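Bear in mind the structure is a predicted one, so any value in this text is a computation, not a measurement. Atoms within a ligand are numbered from 1 in the order they appear, just like the ligands themselves.
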Amino acid sequence: MRDRLRLAVPNKGRLVDPTLQLLHASGLVFEEHDRSLVARCSNQPLDILFVRTDDVVEFVADGVADAGITGADILAEAGRDLPVVARLGYGRCRLAVAVPSDAPVRAVEDLAGQRVATSHPASTRRFFAGLSVPVEVVPLSGAVEVAPRLGLADAIVDLVSTGSTLQMNGLRAIGDVLESEAVLVAGPAAQAERPDELDSIVLMLGSVIAARDRKYLMMNAPASHLADLERLLPGLASPSVIALAHAGMIAIHSVVGADEVWGLLPRLKAAGASGILVLPIEKILP
Ligand code: AMP
């Protein structure tokens, strides 16, 4: 068994920056060296292998890496039975079926007998076979969205996040093959032989992801207003209440959803809170 765990991550494309951000935020210290193949973590027995996003699954399935980060869409396409040990919450998109806006097609079932261009042929075949809708899949490695205009296909199956690329290309989504986000996968050998090391990676990455959509709130208030303020603050368990030097005054600390802060602050103020601070959280381990 290797003495250092190996984690394969993408070296190019849109998953690179959020993946590096997550690894650094989780506390791993490493230098990227222009994304050359391997970066050694100086504070953990972990090596990071930078490989093509599409190759992460092969590296992990073949045991060259113990775990890896890639898109759920890529994992589904690779058809290797690797367990997802954590969903990472970024790189969110869906693999959508789309047709030219003016096509007389309403639902995916209407595509029977038509040509569908995609860079996800395996997922596309599985999807249409599951619906018993026979289509001719046209595999492409890129520029899928221009296939209908070039006369290569009647429809496409492609990754969509906001839908603006579809719109720019005169296309309209009519269904979803799958939803995707970045995922952490683990190799079967690593799961059997080094479960504790994998668990700590899952825990550390998970703690950063859990903290991303929460804020730490601190405020002062007269002790007599505690019941009103507590009703507004769910917290992780219940808010912490600390006596202040000034008699009759308390400090209240709580964790709230980042999306709730906007609506919550005026209500806290109206309920008697003052000196309200909103702080980012680095990690949460519930
Ligand atoms: P890339 O290496 O830039 O081609 O993208 C690799 C992965 O990023 C895809 O396989 C998806 O998992 C993810 N991704 C997230 N949003 C999008 C999007 N709007 N279009 C394409 N890929 C996306």
- Item | Hydrophobic cluster of Val97, others only, ordered by chain and residue number, side-chain cut-off 4.5 Å |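 When side chains under 4.5 Å apart are linked, the cluster holding Val97 also contains Leu95, Val99, Val105, Val108, Leu111, Val116, Phe127, Phe128, Leu131, Val133, Val135, Val137, Val157, Leu159, Ile174, Val177, Leu178.
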- Message: Running the 4.5 Å side-chain criterion over Ile, Leu, Val, Met, Phe, Trp and Tyr, what cluster does Met204 land in, apart from itself?
- Response: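 Result for Met204 is none, singleton.
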For [Y], is there an ion pair with [X] - N to carboxylate O distance below 4.0 angstrom?
X	Y	value
Asp66	Arg6	no
Glu179	Arg94	no
Lys215	Glu260	no

- Item | For Glu145, all residues meeting salt bridge (charged side-chain N to carboxylate O under 4.0 Å, His left out), sequence neighbours excluded |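 Glu145 satisfies salt bridge (charged side-chain N to carboxylate O under 4.0 Å, His left out) with no other residue.
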- Those protein residues which place at least one heavy atom below 4.0 Å from ligand 1: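 Contacts of ligand 1 under 4.0 Å: Lys12, Gly13, Arg14, Leu15, Thr53, Gly71, Asp73, Ile74, Gly91, Arg92, Cys93, Leu159, Ser161, Ser180.
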